[in-house]
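Please read through the structure below; I'll follow up with questions.
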Amino acid sequence: TDYSAWDLWTPSDDEADPWMGYMPNNPAFKAMEADIDKRHARQVAQRQTAYRKREEGNAAFKAGQYAEALKIYEAGLEADKRSIELHGNAAMAALKSGCFVQEP
């Protein structure tokens with residue numbers, strides 16, 4: 001590989017690069033960064049809600065209130081559908097309460 005061209009590089013070569021427009025001082029970059037922060041905050045809030053619902057459902061499950069636990073777990077799944085723990089807990093609560101067919 002011939003690296004001789006590297007010696008001829010100047011900082012102005014990057015000015016033609018379209019990605020250089022997305023630098024931290026660019027308004028488009030700031031808008032993208034704000035959107036990322038907003039989405040992250042929403043995702044964290046959803047996971048926290050799901051965690052609280054899981055804890056609340058666990059308490060109902062331990063008390064033998066399986067139908068109530070199932071409702072709580074399903075409310076948690078509305079907040080975070082990707083929670084494996086909530087899916088497993090909801091399935092166990094459904095089995096314990098005799099709900100073998102889940103309604104759409």
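All values reported here derive from a predicted model rather than from experimental measurement.
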For residues 42-51, which side-chain donor-acceptor pairs fall under 3.5 Å, sequence neighbours excluded?
| unit_1 | atom_1 | unit_2 | atom_2 | d |
| --- | --- | --- | --- | --- |
| Thr49 | OG1 | Ala45 | O | 3.0 |
| Thr49 | OG1 | Arg52 | NH2 | 3.4 |

(message) According to salt bridge (charged side-chain N to carboxylate O under 4.0 Å, His left out), who are the partners of Asp2, at least two apart in sequence or on a separate chain?
(response)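 Asp2 satisfies salt bridge (charged side-chain N to carboxylate O under 4.0 Å, His left out) with no other residue.
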(request) Mind checking the CG-CG spacing from Leu70 to Leu77? Nearest 0.5 Å is all I need. (result)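 The CG atom of Leu77 is 9.5 Å from CG of Leu70, to the nearest 0.5 Å.
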(request) Name all residues meeting the side-chain hydrogen bond (donor to acceptor under 3.5 Å, both in side chains) criterion together with Asp37; count only those two or more places apart in sequence or in a different chain, and write none if there are none. (result)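 side-chain hydrogen bond (donor to acceptor under 3.5 Å, both in side chains) list for Asp37, sorted by chain: empty.
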(message) What's the separation between atom CG in Asn58 and atom CE in Met92, rounded to the nearest 0.5 Å?
(response)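 One finds 12.0 Å between CG of Asn58 and CE of Met92.
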(request) Considering non-hydrogen atoms only, spot the tightest contact between Gly57 and Ala69 and give its length. (result)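 Answer, listing the atom of Gly57 first, then Ala69: O-CB, 3.5 Å.
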(request) Quick one: which residue pairs count as a ring-ring contact (aromatic ring centres under 6.0 Å, His included) with a foot in residues 59-95, not counting sequence neighbours? (result)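 Qualifying pairs, neighbours excluded: Phe61-Tyr66.
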(message) Among residues at least two apart in sequence or on other chains, which ones pass side-chain hydrogen bond (donor to acceptor under 3.5 Å, both in side chains) with Arg82?
(response)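 Checked Arg82 against side-chain hydrogen bond (donor to acceptor under 3.5 Å, both in side chains); zero matches.
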(message) If I take atom CG from residue Asn89 and atom CD from residue Glu55, how far apart are they, to the nearest 0.5 angstrom?
(response)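 The CD atom of Glu55 is 9.5 Å from CG of Asn89, to the nearest 0.5 Å.
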(request) Measure the CG-NZ distance between Leu86 and Lys53 for me, rounded to the nearest 0.5 Å. (result)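 Spacing of CG (Leu86) from NZ (Lys53) equals 10.5 Å.
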(request) Report the residues that fulfil side-chain hydrogen bond (donor to acceptor under 3.5 Å, both in side chains) with Glu85, sequence neighbours left out, ordered by chain and then residue number. (result)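 Expected list: Ser83.
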